[in-house]
Amino acid sequence: MAEQKSNSNNNRWSWDVPGFQPRKSPEHEEYQRPPPLARRYSISAASASAVVPHSELSKYGLNSKLLKLKDKLKLVREDYSELRQEASDLQEYSNAKLDRVTRYLGVLADRTRKLDEAALETEARLSPLISEKKRLFNDLLTAQGSIKVFCRVRPLFEDEGPSIVEFPDDVTVRINTADDSVANPKKDFELDRVYGPHVGQVELFSDVQPFVQSAFDGYNVAIFAYGQAHSGKTHTMEGSNHDRGLYARCFEELFDLSNSDATSTSKFNFSVSISELHNEQIRDLLIHSGTDLPKARMGSLDCFVELLQERVENPMDFGRVLKFAFQNRGSDGSKFRVSHLIVTVHIHYTNLITGETSYSKLSLVDLAGSESTIEEDSGEHATELLHVMKSLSALGDVLNSLTSKKDIVPYGNSMLTKILADSLGESAKTLLIVNVCPNASNLSETLSSLNFSARARNATLSLGNRDTIKKWRDIANDTRKELYDKEKEITDLKQEIVGLKQELKQANDQGVLLFNEVQKAWKVSSTLQSDLKAENIMITDKLKIEKDQNTQIRNQVAQLLQLEQEQKLQIQQRDSTIQMLQAKLQALESQLNEAIRASEARLKDGSELRSADQTGLKATRDDIDSAAVTKRLEEELLKRDALIEKLHEENEKLFDRLTEKASLAGSTQVSSPLPKAPTTQNRETGRNDINVKGRATDVLALPSSTDKPDGTVALVKSGGEKVKTTPAGEYLTSALNEFDPDQYDSLAAISDGANKLLMLVLAAVIKAGASREHEILAEIRDAVFAFIRKMEPKRVMDTMLVSRVRILYIRSLLARSPELQSIKVSPVERFLEKANYSGQSRSSSRGSSPGRSPMHYDSSRNALVDEHIQGFKVNLKPEKKSKLSSVVLKIRGIDQDIQRQQVTGGKLREITEEAKSFAVGNRGLAALFVHTPAGELQRQIRNWLAENFDFLSVTDDTVGGATGQLELLSTAIMDGWMAGLGAAMPPSTDALGQLLSEYAKRVYNSQLQYLKDIADTLSTEVAEDSIHVAKLHSALESVNHKRRKILQQIRSDMTMLTLEDGSSPVRNPSTAAEDARLASLISLDGILKLVKDVLRQSSVNTLSKSRKKALLASLDELAERMPSLLDIDHPCAQRHIDEARHAVELIPEEDDRLHENVHASRPPANVGLGGETDVTQWNVLQFNTGSTSPFIVKCGANSNSELVVKADAQVEEPKGGEIVRVVPRPPVLENLSLDEMKQLFTQLPQSLSLLALAKTADGTRARYSRLYRTLAGKVPALKDLVDELEKGGVLKDVKS
């Protein structure tokens, strides 16, 4: 509505320019009463003709102004009523939309509440299932035994001698007592789990993890590390930097379990207490970490101690607290051996729905050394050892009481059992990790520790006889099954909770989006209301000004009427005076005649003299009267000329004021009818900027049509080229992407900001120059098209600026696409028509715009064809000369045939608006603009105007150096067309944008079709051999790669190529045939490689029967794979298979045993002949012996399928002394002695002999067999040989 209003205002004369007031007629202001004529004869007719037309002309001008004002007032009132109606409709629409959004928000709120209730209900159902899972898991651990004993043996240290510990299985440890007095000096101890020296912390913790899970489920757990000093207790609990112990791993497991099981209604908290028990005295190691820490009770209700507990949130906090406690403990190693370190993790669980709370703890105890010998001195150290032995003995008594199920358990015998009373027995779980030393010097302590562990293990609940064991096993299986079902149900409920939470999140997101939309709607509504109020105030001011002008004009009309009456009275008085003077003159003439007759006779000579004087006087008076009349007429003509000149000046000033804002915004406007020379030059310079760019683009080097597949032709740059970034490009891209119309208060501000950005784009391109124009356009391409597409619906951009930007990109595309440069466009004469003045209206050309008519591309003519082109009707007609202007021209001495029509500023604006309406959506005109330079197009329009309107002047002789009328008209038409081509027609974009999309679509379709033609040609080419297959495969892959590059470029240009329906206009040709041929070539290449491998294996003098049969079977398998090939590839595969079959069948065959003996008995003197030249690939192996540097051996296979090695001849030699040898097969050593084997190994690299030789011949054969299998197993070509030797039993290890 606002745009229609602005267009209608532009089509009418605007009187509301500030500073402009309706000028008064100078004829009435400068009118003075003429002096009375002294002529005696009648001149009343001439005087009337000189005055009456002047008054009639003034009254006619005032009446016409009054009618124009009335028409304008009527139009303004109509616009005001339409604006009020539009504001009312907008208010109703906003209210309706707000109500609808409010209702939808209510529905979303209700749905959110229901989802919350469902989530709470699901979690309530989940809580008892989790409790049941915990109970079942605890029953399972109880059935397996509440007290478990593990044994861990540390590795041997240096100089400790041989190990006395053996490991028959995972639950038995065997100690060699070296007691000759008994029949069997070895003693076995059966435990729950035994770990050898090779077992690390990870495997140990995998068996400890169920105890951590039980502690997490709410049951107390105690884990003890028992053993003598230096047996690995502290390493088991603390670990090292690269291999963490049980402290860190247990807490990390608790933390991970809390993260996986915690929900919005459940919460886990962890706190840590660390203490040291020395000489039956408890020392809190966190006493200095903080004064406000809470305390926790350790022990039973009868006997307990209070220790500080510090809350930890993550494993890092736990490590920090543990480190602080270790620092407080000190660094006295001798004290560590006689003190117990107790680390307790307190686990608090809370369920917010059921109110359930639970508390459990995990105690990790690093016990003191279990040495049972006391030194001779009875000092302080002996006292410490006695306290340690007492506490460990008390722990054994407690476990013994639990074993025999006594009613009284002696927890009070030691402070250790007192503070851990709630973690021993009943529902608690206990794990004892016994650490022993494997050396003989610690045999007694090792046996003591294992006896203690056996005593503790006997405390495990006995399962009874076989029937009871079967019963308990069935119960455990049922428990496991029930536990699995519960875990599955819990998993399903958790997934349901996750789905509900996702739906809740989506509902919240929709609510936020709707809320933002409501805010935007309110903002738009308030903006429109403020704009309507501002327009209402402006219209009211205009009405007030027009009323004042109307009043002034009426006053002027009244004054003119009064002046006319006064002039009529003056004329009547003049007529009466003339009549009276004529009567007096007649009387005087009669008296004079009588006097002349009376004195005629007396004074004849005197009468002649007087008659001559009277005649001279009469002639003199006639001359005076005619000169006065002529002088007065000239004065009136001069006044009229001055009035006409003044009107022209006012018209020029008014036109300059109307076009001042547009010129400030940067758009090229039509200059005044009589501009000055410098202004015209600047305007022409600005107009020809695009023309210069177009010519610079036209002379760029263009790729030939044969170079199409070498790279994609982008809209500005090639898709293969990397777009360079510049500071100007980065700034423009950021400014265009971050431009937000919602930040501005009015449409005028939005328009100003958008137009400034477009002008910055043009300025950047101009500054870049012709050499870097394509780079800057490519860099800001996506941002520019997205900005124009975003701002088009708002209709705030200067369409002439949009057209200039579009033309830059289209001409850049033309410069890189020869096929687009050859397109033929319609000549300018098809777009111009001469208006018919019989019954045409002034705006007859507006309804005849061909922009809505379809345009298609004719490939036969290589041209854009518009079937319904109707030209722009130029509405010009010769000016009718009035009689007064004819008289003026005659008086000024100007010939009427030479005088031509002067085009006014109002007419130029009218032509510009009509040309703009004609150009909207006109793709044919857009093509003409793109393919024709601006200067050439304006010259063609100027020639057409000169041919069809001969009454226009080429140059005006009255003002030297001024622009001609043809130049002004052609400029007005060009500017109107330029502005119209950049105007969008929703839902479509502007005509230049449609043309750009069409051209880009043609370029991409042409490239894709060209690649499809190449792929089709390659798909029908017959393959001859493997080299040809590789070439075809590489060519098809190259075509596919180039197609992907083009499609990637299309996706990057989607902002410009996307049509109104949102789909891409570029059609990707089908690649089914290409893909099928590519898959067939891959299969064919695999078949040819296998055939080649068969030929390589058959390149020997003889073959065994089994080997020949295997090769023929493999060829049959390859023939069975041929149906997966296309028909075009069948001949090639069949020919190669037949040739290979023929070659295999021609090789003589031998019996398997004879063939094996022949190859086994091959003399080793031929080792290394031809080995290096036939090996195609070497595989590197490294052997670490521990005593010397590693051996580097390279192995491969030659054409005879023999194992070939390359290594240093001597281990001590430097690099570079490598030799190549064929390694004999293991059967060669079958009948050789140890010395003969050594002699044979001298011909091989020294590293192989060192790896293969043993003390005995059998040991050497076994080691050589393993070495041969290791080396041959690394060579893919010898895989069949290794399998064949293993089946024959040749590679079996022979024990010495």
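Only this structure's heavy atoms are used, side chains among them; waters, hydrogens and symmetry mates stay out.
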Margin query: Testing the 3.5 Å rule here: is there a donor-acceptor pair between the side chains of R329 and S339?
Written below: yes
Next item on the list: Search all heavy atoms of G412 against all heavy atoms of T417 and return the closest pair with its distance.
Entry: N-OG1, 4.4 Å
Next item on the list: Might you point out which heavy atoms bring V398 and P410 nearest each other, and give the distance in Å?
Entry: CG2-O, 3.4 Å
Notebook entry, point to check: With the threshold set at 4.0 Å, does a side-chain nitrogen-carboxylate oxygen contact exist between D169 and R174?
Noted result: no
Check: For residues S273 and Q309, is any side-chain donor paired with an opposing acceptor at under 3.5 Å?
Finding: no
Notebook entry, point to check: Would you call D366 and K233 a salt bridge, taking side-chain N to carboxylate O under 4.0 Å as the test?
Noted result: no
Note to self: Looking only at the side chains, is there a donor atom on one of N451 and S448 sitting less than 3.5 Å from an acceptor on the other?
What the structure shows: no
Next item on the list: Salt-bridge test for K488 and D485: reply yes if a basic N is under 4.0 Å from a carboxylate O, no otherwise.
Entry: no
Checklist line | Residues in side chain to side chain donor-acceptor pair (under 3.5 Å) contact with R244, at least two apart in sequence or another chain | finding: E252
Notebook entry, point to check: Just wondering, are more than 12 heavy atoms of other shown residues or ligands nearer than 6.0 Å to CD in E356?
Noted result: yes
Checklist line | Distance, nearest 0.5 Å, that separates CZ of R337 from CG of L385 | finding: 10.5 Å
Notebook entry, point to check: Would you say the side-chain atoms of N138 and K429 include a donor-acceptor pair closer than 3.5 Å?
Noted result: yes
Notebook entry, point to check: R135 and D217: salt bridge (charged side-chain N to carboxylate O under 4.0 Å, His left out), yes or no, with the steps?
Noted result: CA-CA 8 Å; R135 185 187 65 80; D217 291 341; over 6 Å; no
Notebook entry, point to check: Does the salt bridge (charged side-chain N to carboxylate O under 4.0 Å, His left out) test come out yes or no for D243 and R249, once each step is laid out?
Noted result: CA-CA 10 Å; D243 196 7; R249 294 182 185 273; 3.3 Å; yes
Item checked: Test applied, ring-ring contact (aromatic ring centres under 6.0 Å, His included); reference residue, F318; option that passes from F251, F324, Y247 -> F251
Item checked: Nearest heavy-atom neighbours spanning P162 and L156 -> C-CD1, 4.1 Å
Item checked: Basic-acidic side-chain contact under 4.0 Å: E160, R154 -> yes
Item checked: From L431 atom CG to D192 atom CG, the distance as rounded to the nearest 0.5 Å -> 8.5 Å
Notebook entry, point to check: Are more than 12 heavy atoms from other residues, nucleotides or ligands located less than 6.0 Å from atom OH of Y484?
Noted result: no
Next item on the list: Look only at the side chain of T172 and the backbone of P168, and say whether a donor-acceptor pair between them is shorter than 3.5 Å.
Entry: no
Note to self: Among E384, R283, H387, exactly one meets side-chain hydrogen bond (donor to acceptor under 3.5 Å, both in side chains) together with H278. Which residue is that?
What the structure shows: E384
Notebook entry, point to check: Under the ring-ring contact (aromatic ring centres under 6.0 Å, His included) rule, what pairs show up with a residue in residues 111-136, not counting sequence neighbours?
Noted result: none
Notebook entry, point to check: How far apart are the closest heavy atoms of N328 and L285, and which atoms are they?
Noted result: ND2-O, 2.7 Å
Item checked: Passing option when Y349 is tested against F270, Y219, F268, F216 for ring-ring contact (aromatic ring centres under 6.0 Å, His included) -> F268
Item checked: Shortest non-hydrogen contact between I287 and L308, atoms and distance -> CA-CD1, 3.7 Å
Which donor-acceptor pairs under 3.5 Å do side chains of residues 432-443 form with protein atoms, sequence neighbours excluded?
from	atom 1	to	atom 2	distance (Å)
N435	OD1	T236	OG1	3.2
N435	ND2	Y226	O	3.4
N435	ND2	I433	O	3.2
N439	OD1	N442	ND2	3.0
N439	ND2	S441	OG	2.7
N442	OD1	Q228	NE2	3.4

Checklist line | Neighbour count >12 (heavy atoms, 6.0 Å) for atom NZ, K494 | finding: yes
Margin query: I'd like to know if R193 and D207 make a salt bridge, using a cut-off of under 4.0 Å between side-chain N and carboxylate O.
Written below: yes
Next item on the list: Starting from the C-alpha separation in whole Å, work towards a yes-or-no answer on salt bridge (charged side-chain N to carboxylate O under 4.0 Å, His left out) for E503 and K114.
Entry: CA-CA 11 Å; E503 292 181 1; K114 290 181 179 180; over 6 Å; no
Checklist line | Between S391 and H340, a side-chain donor and acceptor under 3.5 Å | finding: yes
Note to self: Between N413 (side chain only) and A394 (backbone N and O only), is there a donor and an acceptor less than 3.5 Å apart?
What the structure shows: no
Margin query: Whether R320 and E310 form a salt bridge (side-chain N of Lys/Arg under 4.0 Å from carboxylate O of Asp/Glu) is what I want to check.
Written below: yes
